[in-house]
Amino acid sequence: SGRRTALPRHRTLRAVLDWSHELLTESERLLFRRLAIFPAGFTLDAAAAVVTDAGFDAAAVTDGIANLVAKSLTALDTNADAPRWYLLETIRTYAFEKLGEQDETHTVAGRHAAYFRNLIAPLASGAGSSLSDDDLARFVREIDNVRAALDWSFSPVGDPVIGVELTAAFAPVWHHLLLMKECRERCERALL
């Protein structure tokens, strides 16, 4: 419960996050909670895909992410080749709760799944039996996002069409990573 002499907003992690959240503008709150849908981080294009209905353009997404970074709610992944951001797991959990409170989870999860299907499926279908090394490296970074997208797609509120297309497109990545069991289980799920 923190020090007794500390300010109330510094006594617990939730209090700190609540206080930080209250300091955000409404558009920053919307972006913040929707970014929680990405378990493996996100690019600007991916972030834009989950806020398309909210009137965000590319500049607004960039500015919003920059503001969240400045407020220590989002971090830049310095190990990625291309610009990529993420939320620390504790912060992501908090933001995901806020997403649920606004009853946006399923809508945003659908946009998330559609984004990854639209990103991966055209490249995988045009590649024949093999993806380029660059595409494989890019898609390997997205494996947890794809897993989350597939889990939503095959849930009772999901879209199994997106799930089937994404499963088929992502199979070469599972093979490349030698994740045969996961590939088999995901493909069996898609065939049901």
Side-chain angles (χ1 to χ4, degrees), residues 17 20-21 24-25 27-99 104-105 107-124 126-127 131-153 162 165-167 169-179 182 186:
L17 291 171
S20 295
H21 187 261
L24 299 176
T25 66
S27 62
E28 289 171 339
R29 287 180 193 163
L30 184 139
L31 180 61
F32 173 65
R33 67 180 176 259
R34 290 188 179 188
L35 293 177
I37 205 71
F38 297 101
F42 53 90
T43 62
L44 287 176
D45 290 339
V50 299
V51 295
T52 55
D53 66 318
F56 278 77
D57 61 7
V61 171
T62 302
D63 291 344
I65 291 172
N67 291 340
L68 293 175
V69 168
K71 295 172 182 176
S72 300
L73 293 172
T74 303
L76 178 64
D77 183 353
T78 56
N79 295 325
D81 296 334
R84 187 173 183 83
W85 293 265
Y86 65 96
L87 277 67
L88 295 174
E89 194 57 36
T90 306
I91 294 172
R92 183 176 169 268
T93 300
Y94 178 84
F96 202 80
E97 286 178 16
K98 294 296 183 185
L99 188 67
E104 296 177 317
T105 305
T107 303
V108 175
R111 288 195 183 99
H112 173 265
Y115 171 79
F116 285 102
R117 186 255 335 255
N118 296 341
L119 175 70
I120 297 168
L123 293 174
L131 292 167
S132 72
D133 290 343
D134 289 340
D135 288 337
L136 275 171
R138 190 167 53 149
F139 296 159
V140 164
R141 280 191 298 273
E142 302 297 355
I143 193 166
D144 287 332
N145 281 320
V146 169
R147 287 172 175 153
L150 290 173
D151 290 345
W152 173 83
S153 295
I162 291 174
E165 293 171 356
L166 184 54
T167 300
F170 206 71
V173 180
W174 285 311
H175 284 177
H176 172 75
L177 295 171
L178 301 175
L179 295 172
E182 180 177 2
R186 296 285 186 175

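Residue numbers count from 1 along this sequence.
With rounding to the nearest 0.5 angstrom, the CD atom of Glu28 is 3.5 Å from the NZ atom of Lys71. Between the OG1 atom in Thr43 and the CG atom in Asp45 there is a gap of 5.0 Å [rounded to 0.5 Å]. Taking CG of Asp63 as the reference point, atom CG of Leu68 lies at 11.0 Å (rounded to 0.5 Å). Here the straight-line distance linking atom CG of Asp77 with atom CZ of Phe42 works out to 10.5 Å at 0.5 Å rounding. From Arg141, atom CZ reaches atom CG of Asp81 across 5.5 Å, with rounding to the nearest 0.5 Å. Considering CD1 of Ile65 and CH2 of Trp85, their distance stands at 5.5 Å, rounded to 0.5 Å.
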(request) Take Thr105 and Phe96 through the side-chain contact (heavy atoms from CB on, under 4.5 Å) test and state the conclusion after the steps. (result) CA-CA 8 Å; Thr105 305; Phe96 202 80; 3.8 Å; yes
(request) Quick one: do Ile143 and Leu177 satisfy side-chain contact (heavy atoms from CB on, under 4.5 Å)? Show the steps, please. (result) CA-CA 10 Å; Ile143 193 166; Leu177 295 171; 3.8 Å; yes
(request) Evaluate the criterion salt bridge (charged side-chain N to carboxylate O under 4.0 Å, His left out) for residue pair Asp53 and Arg34; output intermediate values, then yes/no. (result) CA-CA 12 Å; Asp53 66 318; Arg34 290 188 179 188; 2.5 Å; yes
(message) Using side-chain contact (heavy atoms from CB on, under 4.5 Å), reason through Leu119 and Phe116 one step at a time and then give a plain yes or no.
(response) CA-CA 5 Å; Leu119 175 70; Phe116 285 102; 4.1 Å; yes
(message) Between Arg111 and Glu104, is the salt bridge (charged side-chain N to carboxylate O under 4.0 Å, His left out) condition met? List the steps.
(response) CA-CA 11 Å; Arg111 288 195 183 99; Glu104 296 177 317; over 6 Å; no
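When all heavy atoms of Leu73 and Ile91 are compared, the closest pair comes out as O-CG2, 3.6 Å. Closest of all the heavy-atom pairs between Val61 and Leu44 is CG1-O, 4.1 Å. Across all non-hydrogen atoms, the minimal contact from His112 to Pro39 is NE2-CD, 4.4 Å. Contact between Ile37 and Asn145 at its shortest, heavy atoms only, is O-OD1, 4.5 Å. Scanning both residues, Phe56 and Val51, for their nearest heavy atoms gives CB-CG2, 3.6 Å. Of all heavy-atom pairs between Tyr115 and Ala49, the closest is CD1-CB, 3.6 Å.
Listed for the Arg186 side chain is no donor-acceptor partner under 3.5 Å among the backbone atoms of Ala171.
The aromatic rings of Trp174 and Phe170 sit perpendicular, their planes meeting at an angle over 60°, well past the 30° parallel limit. Ring geometry, Tyr94 versus Phe32: the interplanar angle falls from 30° to 60°, so the pair is classed tilted.
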